[in-house]
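Numbering starts at 1 and runs along the sequence shown. Because only heavy atoms are used, hydrogens play no part in the values below, and waters and symmetry mates are left out as well, while side chains stay in.
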Amino acid sequence: MIQKSRYRIPNQKEFRRLEQSVNLIYQAADYFQEYFVGRKMVYSTQKNEVELYFSQTNYMHLCGLYYSEGAEKFFIDCLDKKVNLKSLLIKKDGTTMQKLQVLPSIKELTSPYVWLTGSGKYLRLEFDYSLRTRKQILALTLKNTQSKIVPQSLLNLKSKEVFPKGDPVICIYSKSLLGEELKQHFLKDGLDWDDYLKD
């Protein structure tokens, strides 16, 4: 549950940054809609595998924003390119702008340049797994909720001194939650899809 008390009204300078970032916010929402929403995303390393479930309501929190009309409406308005910026609050801890800075790199989450880490702790954030870019630009932390693994937070790693290294992801694919439709995103050279797509 998102706590409104952790957010505040942006000042003038911050509001201008939101205006400048709105197209990035829209593009990242389109990316999550195309690759993640309504799908089970599977990331495999040589030692580990996680199945990630991403819902429309996750996106607002990943951006470090609070939308007065709700998390699901925020995602829908992003897809429709009509977010009301005056309905947005930013995080009191100052991390919203850091999160927005890494949105251009979000597409690396389905590329050969993603690593999977185990659990870790950073500042007040504890996570069970994370997906991070090889060049330490961003990390998407993941939480195991007992029933499934879901996104928890988007971190800007450019300012982080210590973050779990993890292992390179060698296979990424996704499956529709509504049917059998399968998308193959990445497989390391020399490997066989048949070894990974077994149910």
Taking everything shown except [X] itself, do over 12 heavy atoms lie less than 6.0 Å from its [atom1]?
X	atom1	result
Q12	CD	no
K183	NZ	yes
Y31	OH	yes
K81	NZ	yes
K92	NZ	yes

So, [X] side chain and [Y] main chain: donor-acceptor pair closer than 3.5 Å or not?
X	Y	result
R39	E181	yes
T133	L138	yes
K148	F54	no
T96	L65	no
E14	N11	yes
D167	T45	no
R132	L155	no

What are the two closest non-hydrogen atoms of K99 and S153, and how far apart are they?
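Of all heavy-atom pairs spanning K99 and S153, the closest is NZ-OG, 3.0 Å.
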Count I, L, V, M, F, W, Y as connected when their side-chain heavy atoms are under 4.5 Å apart, and connections chain through other members. Are M97 and Y26 then in the same cluster?
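The answer is yes; both residues are in one hydrophobic cluster.
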Whether Y66 and Y7 hold their rings parallel, tilted or perpendicular, with breakpoints at 30° and 60°:
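Geometry flag for Y7 against Y66: tilted rings.
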Relative to each other, are the rings of F75 and Y59 parallel, tilted or perpendicular (30° and 60° limits)?
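Because their plane-to-plane angle is over 60°, the rings of F75 and Y59 count as perpendicular.
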Given H185, which of Y35, Y173, Y196 fulfils the ring-ring contact (aromatic ring centres under 6.0 Å, His included) condition?
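Between H185 and the candidates, ring-ring contact (aromatic ring centres under 6.0 Å, His included) is satisfied uniquely by Y35.
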Chi angles and distances behind the side-chain contact (heavy atoms from CB on, under 4.5 Å) call for M41, I172:
CA-CA 7 Å; M41 289 291 296; I172 307 171; 3.9 Å; yes
Step by step, work out the side-chain contact (heavy atoms from CB on, under 4.5 Å) result for V83 and L85.
CA-CA 6 Å; V83 167; L85 294 179; 4.3 Å; yes
For a side chain to side chain donor-acceptor pair (under 3.5 Å) with Q152, tell me which candidate from T141, T145, N58 qualifies.
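The single option meeting the side chain to side chain donor-acceptor pair (under 3.5 Å) with Q152 is T141.
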Begin with the C-alpha distance, continue with both residues' side-chain angles, and end with the deciding distance and a verdict on side-chain contact (heavy atoms from CB on, under 4.5 Å) for L131 and L116.
CA-CA 5 Å; L131 294 166; L116 175 68; 3.8 Å; yes
Inter-residue atom distance D93.CG - R8.CZ, 0.5 Å rounding:
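It comes to 9.5 Å.
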